[in-house]
Chemist: 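Before anything else, here's the structure in question.
Atoms within a ligand are numbered from 1 in the order they appear, just like the ligands themselves.
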Amino acid sequence: MRYLITGGAGFIGSHLAERLLDRGDHVVLLDNLSTGSVENIRHLKSNERMQHHFDDIENRQLVAELVDDADIVVHLAAAVGVKLIVESPVRTIETNVNGTQMILEAACKKRKLVLTASTSEVYGKNTNVPFHEDADLVLGSTTKGRWSYAASKALDEFLALSYWKEKRLPVIVVRLFNTVGPRQTGRYGMVLPNFVKSALDLAPIQVYGNGKQSRCFCDVRDTVESLIRLMDTEKSIGEVVNVGNTEEVSIEELAKLVKQRTASSSAIEFVPYDKAYEPGFEDMMRRVPNVDKLHSLTGFRPQTSLNEIIDRVTTFFRERNSRPATARMASTTAV
Ligand code: UDP
């Protein structure tokens, strides 16, 4: 099979590409390197079944050509990370909405299967955990920048599902719950790489708010396994599917766990949300997926333990820190 992965030089995209190449598929990556990096795919570049294009998803002609050549399109290109979203809401909305529209339009002409990535953020302030795919989306006010991400992704979902209902374009929508693992950068605010990096640098581990908010962290290998299995079954078409781990941890507990597993002497510091993000920032207090649908479609549930995940991320940062400074700079530069 030939897969086109938008956002293919990103954290999840690069892991997906690696797995698909390993099983003998052909992979074409499209990435504008805004948050992805060349370093993420450097080890794949010599593979003759891999091609890459460092270009924008809004390059209509190129997208049309790449979609034509592909059997399946995996649309991961998006503005992600709460920090980035709060700081650049225009970019978030435009990238997420226009990009998805371009992909669906191009795919529709040739009826190519599209798997599009959404986010657990769409459940918003719903407190009824675990979240089932049919649950209500409870978003905050439009004056609070954070919710623009959820709204833009919810619109993407509506658009994808409408292409399926109205034009019979086969689509799969996945809602990803806090995917983590090697190669994820802390630059866009994601908590685990930030905690591990701080712990290894013996810098304060900064917990935002009171630390009672909780998340479930899914190893990127489990995320990739889920996506591949979903694309391998026709039963997924037209479905919205949660992809995540169900092991819940509060952010304060996470900080303690990271400190313990890295044997770090870092202090744990509490930072008010107003300072960490912007005045009036609203967090999601709990976020737990119901993954019964994923399991019934694929026979798979993400199960890598949090301890193992933390250790894998720690190894990644330790190895990166031990590389010469020039190589490190290349890997942290989003070109
Ligand atoms: N967070 C934190 N310290 C950080 C980064 C994030 O305490 O350095 C908190 C953040 O406020 C949120 C949780 O960790 O409650 C998860 O944040 P992340 O941005 O990783 O993902 P989210 O689930 O918010 O999309």
Side-chain angles (χ1 to χ4, degrees), residues 10-12 35 78-89 92 96 117-127 129-131 137 139-140 144-154 175-181 183-201 203-220 223 242-259 262 264 266-289 306 309-310 313 317:
F11 158 57
I12 301 175
T35 54
V80 290
V82 177
K83 269 234 153 76
L84 178 67
I85 279 130
V86 168
E87 280 158 18
S88 315
T92 302
N96 293 354
S118 183
T119 166
S120 53
E121 179 88 10
V122 297
Y123 292 105
K125 295 192 278 186
N126 191 329
T127 51
V129 293
F131 298 137
L137 311 185
L139 304 191
K144 312 227 177 221
R146 177 200 185 122
W147 302 115
S148 63
Y149 178 47
S152 66
K153 282 298 192 179
R175 290 186 181 151
L176 306 182
F177 283 69
N178 294 80
T179 309
V180 288
R183 289 187 216 142
Q184 183 176 42
T185 149
R187 241 175 309 141
Y188 307 107
M190 280 82 168
V191 67
L192 187 60
N194 273 323
F195 280 8
V196 171
K197 205 171 164 302
S198 299
L200 295 180
D201 294 346
I205 299 175
Q206 296 196 317
V207 172
Y208 301 160
N210 64 10
K212 303 287 177 248
Q213 72 275 30
S214 70
R215 296 292 187 271
C216 296
F217 295 93
C218 185
D219 189 293
V220 66
T223 305
N242 288 338
V243 174
N245 193 311
T246 52
E247 184 182 349
E248 187 179 7
V249 65
S250 78
I251 298 303
E252 183 184 12
E253 280 168 320
L254 180 72
K256 287 182 181 157
L257 208 55
V258 167
K259 187 173 145 88
T262 54
S264 170
S266 287
I268 295 178
E269 193 177 281
F270 289 84
V271 179
Y273 284 124
D274 286 12
K275 266 204 175 150
Y277 299 106
E278 62 178 356
F281 179 83
E282 287 176 337
D283 204 356
M284 287 177 73
M285 289 317 289
R286 287 181 75 191
R287 199 192 264 175
V288 184
L306 187 55
I309 292 174
I310 293 172
V313 172
F317 277 106

Chemist: Would E87 and K83 pass as an ion pair if we require N to O under 4.0 Å?
Modeler: no

Chemist: Can you work out which protein residues put a heavy atom within less than 4.0 Å of ligand 1?
Modeler: V82, E121, R146, N178, G189, M190, V191, N194, F195, Q206, V207, Y208, Q213, R215, I251, Y273, Y277, D283, R287

Chemist: Atom NZ of residue position K259 - does it have more than 12 heavy atoms of other residues, nucleotides or ligands inside 6.0 Å?
Modeler: yes

Chemist: Run the side chain to side chain donor-acceptor pair (under 3.5 Å) test against K144 and tell me which residues pass, sequence neighbours left out.
Modeler: none

Chemist: Using atom types as modelled, flag every donor-acceptor pair under 3.5 Å from a side chain in residues 278-288 to any protein atom, sequence neighbours excluded.
Modeler:
from : atom 1 : to   : atom 2 : distance (Å)
E282 : OE1    : K125 : NZ     : 3.2
E282 : OE1    : W147 : NE1    : 2.9
E282 : OE2    : K125 : NZ     : 3.3
D283 : OD1    : R146 : NH1    : 3.1
D283 : OD1    : R215 : NH2    : 2.8
D283 : OD2    : Y273 : OH     : 2.7
R286 : NE     : E248 : OE2    : 2.8
R286 : NH2    : E248 : OE1    : 3.0
R287 : NE     : S120 : OG     : 3.4
R287 : NH1    : S120 : OG     : 3.4
R287 : NH1    : N178 : OD1    : 2.7
R287 : NH2    : E121 : OE1    : 2.7

Chemist: Mind checking side-chain contact (heavy atoms from CB on, under 4.5 Å) for A151 and listing every partner two or more places apart, or none if nothing turns up?
Modeler: L139

Chemist: Would you kindly say whether Y188 and N194 are connected by a side-chain donor-acceptor distance under 3.5 Å?
Modeler: no

